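Read the structure below first, then the notes.
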Amino acid sequence: MLFLVSMQRLLANIIYFVMCGFSLLPLRVHYCISDIMRFFLQYILRYRRKLILKHLRMCFPEMGERELRKTAGGFYEYLTDTFVECIWQLMASNRTLFKHISGYEDNTLNRLFQKHNKVLLLMGHFGNWEMLYGFCAPNAARTPDYFSSYVTVNVAYKAMEGSVADIISQKMRTNSFRKNRALGGVVESNKILRHILGSKGEKGLYVLIADQSPLPGKRVVANFFNLPTLMMAGPEYIATKMNIPVVYYGIRRLKRGKYEIHYKLIAEEPARQPEYFVTREYARYLEEDIRAFKSTWLWSHKRWKRPLSAEEWEEYAKITSPEHAARCHTPEYDNKNLEIDTLE
């Protein structure tokens with residue numbers, strides 16, 4: 001067992017070393033590689049093409065077929081660009097990175113940390129989520145009273161025990177913290193609440209990606225793209241239990257290589273809000289971003305793969321209308337069938 005772990009670490013170090021070597025290439029070369037990858041994914045492998053088009057049809061029923069296929073093509077470019085940008089930024093300096101990121105001047109988090117010890121930052125697989133450290137601001141422009149100079153940043157991740165990919169992912173995260181002079185590190189997503197309880201007197205920012213399909217168990221029904229959608233209940237449970245401010249964090253891809261970050265306050269005191277308010281507001285803000293930049297969400301992700309229970313259909317009828325819920329609860333839109341490849 002010890003030998004296996006050692007070999008996995010050795011393999012991870014070799015792969016990471018090779019990635020760092022590739023990251024030294026100019027960004028324009030990375031984009032040339034991305035164009036080649038896109039061609040193979042879109043036209044040769046036709047990677048999840050049916051699923052991508054189906055999701056786009058479901059979410060944008062008003063779109064014509066030509067526009068749908070153009071959006072799908074944009075998605076493939078976005079997907080491969082995200083991949084090469086993740087490698088490129090490994091050796092890119094903090095100064096170079098912030099030539100590609102704007103919006104960090106927003107004062108939302110500074111204001112919240114003047115009044116609160118903890119803040120929960122929710123984001124989605126939108127834009128380049130691996131550039132999430134954009135909120136740190138350029139090292140040269142950061143003042144001592146800027147929140148990332150004194151607040152511990154904790155990025156949630158799902159551990160893949162003994163996985164080479166997990167080791168590489170942690171190395172990439174550690175590299176980003178060092179480069180951006182950020183305090184903190186990564187925390188397993190199922191240990192976030194314990195981490196908050198164990199550091200009550202400290203200033204801490206907790207970053208979670210919250211748009212994955214939830215596991216069986218506690219989940220929240222939301223109206224996302226006018227479709228019944230199950231969302232993870234964990235972020236709201238943490239926020240309301242600890243009554244810590246919740247902020248939506250979006251990373252908009254304005255054009256190739258240019259990103260803009262922005263924040264929207266969901267609730268400063270979530271414990272005083274109605275049940276599921278936090279999750280549904282998060283879903284609303286994420287949908288607004290996706291509608292504005294249609295190609296730049298992870299459309300290849302099997303988002304609607306879990307069926308709603310009878311109780312969840314009743315809840316969906318309450319937040320929309322019985323008529324709308326009845327229209328959705330058909331073989332065409334029923335969550336039991338959303339991931340079956342019936343189109344194309």
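Residue numbers start at 1 and run along the sequence shown. Please read all numbers here as calculations on a predicted model, not as lab measurements.
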- Query: Passes side chain to side chain contact (heavy atoms under 4.5 Å, CB included), Ser34 versus Arg256? Steps please.
  - Reply: CA-CA 11 Å; Ser34 173; Arg256 184 176 245 185; 3.9 Å; yes

- Do Leu27 and His100 come close enough that some side-chain heavy atom pair is under 4.5 Å? yes

- Check whether any side-chain heavy atom of Asn117 sits under 4.5 Å from a side-chain heavy atom of Lys200, and report yes or no. no

- Message: Angle between ring planes, Phe75 versus Tyr78, binned at 30° and 60°: parallel, tilted or perpendicular?
- Response: tilted

Do the two ring centres, one from [X] and one from [Y], sit under 6.0 Å apart?
X: Phe98; Y: Tyr104; answer: yes
X: Trp297; Y: Phe60; answer: no
X: His195; Y: Tyr206; answer: yes
X: His329; Y: Tyr316; answer: no
X: Tyr76; Y: Tyr47; answer: no

Indicate whether the side chain of [X] and that of [Y] have a donor and an acceptor atom separated by less than 3.5 Å.
X: Tyr282; Y: Glu236; answer: no
X: Tyr31; Y: Glu85; answer: yes
X: Lys179; Y: Asn139; answer: no
X: Lys118; Y: Ser199; answer: yes
X: Tyr150; Y: Asp145; answer: no
X: Asp211; Y: His301; answer: no
X: Thr229; Y: Trp304; answer: yes
X: Gln212; Y: His125; answer: no

[X] side-chain N/O to [Y] backbone N/O, donor-acceptor pair under 3.5 Å:
X: Asn175; Y: Lys171; answer: no
X: Arg142; Y: Asn180; answer: yes
X: Asn110; Y: Phe147; answer: yes
X: Ser23; Y: Cys20; answer: yes

State the [atom1]-[atom2] distance between [X] and [Y], to the nearest 0.5 angstrom.
X: Cys86; Y: Met19; atom1: SG; atom2: CE; answer: 8.0 Å
X: Met242; Y: His116; atom1: CE; atom2: NE2; answer: 13.5 Å
X: Gln170; Y: Ile167; atom1: CD; atom2: CD1; answer: 8.0 Å
X: Leu68; Y: Leu56; atom1: CG; atom2: CG; answer: 6.0 Å
X: Arg280; Y: Glu287; atom1: CZ; atom2: CD; answer: 14.0 Å
X: Arg69; Y: Gln42; atom1: CZ; atom2: CD; answer: 10.5 Å

- Message: Both conditions, 6.0 Å and 45 degrees, for the charged tip of Lys264 above the ring of Tyr248: are they met here?
- Response: no

- Does Arg181 CZ have over 12 foreign heavy atoms under 6.0 Å away? no

- Message: Surrounding OH of Tyr16 (heavy atoms of other residues, nucleotides or ligands, distance under 6.0 Å), is the total greater than 12?
- Response: yes

- Query: Do Tyr249 and Ile261 pass the side chain to side chain contact (heavy atoms under 4.5 Å, CB included) test, and can you show the C-alpha distance, the side-chain angles, and the key distance before you say yes or no?
  - Reply: CA-CA 7 Å; Tyr249 179 45; Ile261 66 175; 3.5 Å; yes

- Is it true that Lys318 and Glu314 make a salt bridge, defined as a side-chain N closer than 4.0 Å to a carboxylate O? no

Minimum heavy-atom distance [X]-[Y], with the two atoms named:
X: Lys302; Y: Ser213; result: O-CB, 4.0 Å
X: Leu132; Y: Ile251; result: CA-CD1, 3.7 Å
X: Thr152; Y: Gly184; result: CG2-CA, 3.5 Å
X: Ser149; Y: Thr143; result: OG-O, 2.9 Å
X: Ala267; Y: Phe277; result: CB-CE2, 4.3 Å
X: Met231; Y: Ala222; result: CG-CB, 3.8 Å

- Task: Begin with the C-alpha distance, continue with both residues' side-chain angles, and end with the deciding distance and a verdict on side chain to side chain contact (heavy atoms under 4.5 Å, CB included) for Tyr133 and Val155.
- Result: CA-CA 10 Å; Tyr133 299 93; Val155 179; 3.8 Å; yes

- Query: What do the steps show when you test Asn154 against Leu205 for side chain to side chain contact (heavy atoms under 4.5 Å, CB included), and what is the final call?
  - Reply: CA-CA 6 Å; Asn154 305 282; Leu205 177 68; 5.9 Å; no

- When Asp81, Leu25, Thr96 are each screened for side-chain contact (heavy atoms from CB on, under 4.5 Å) with Trp88, the one that passes is Thr96

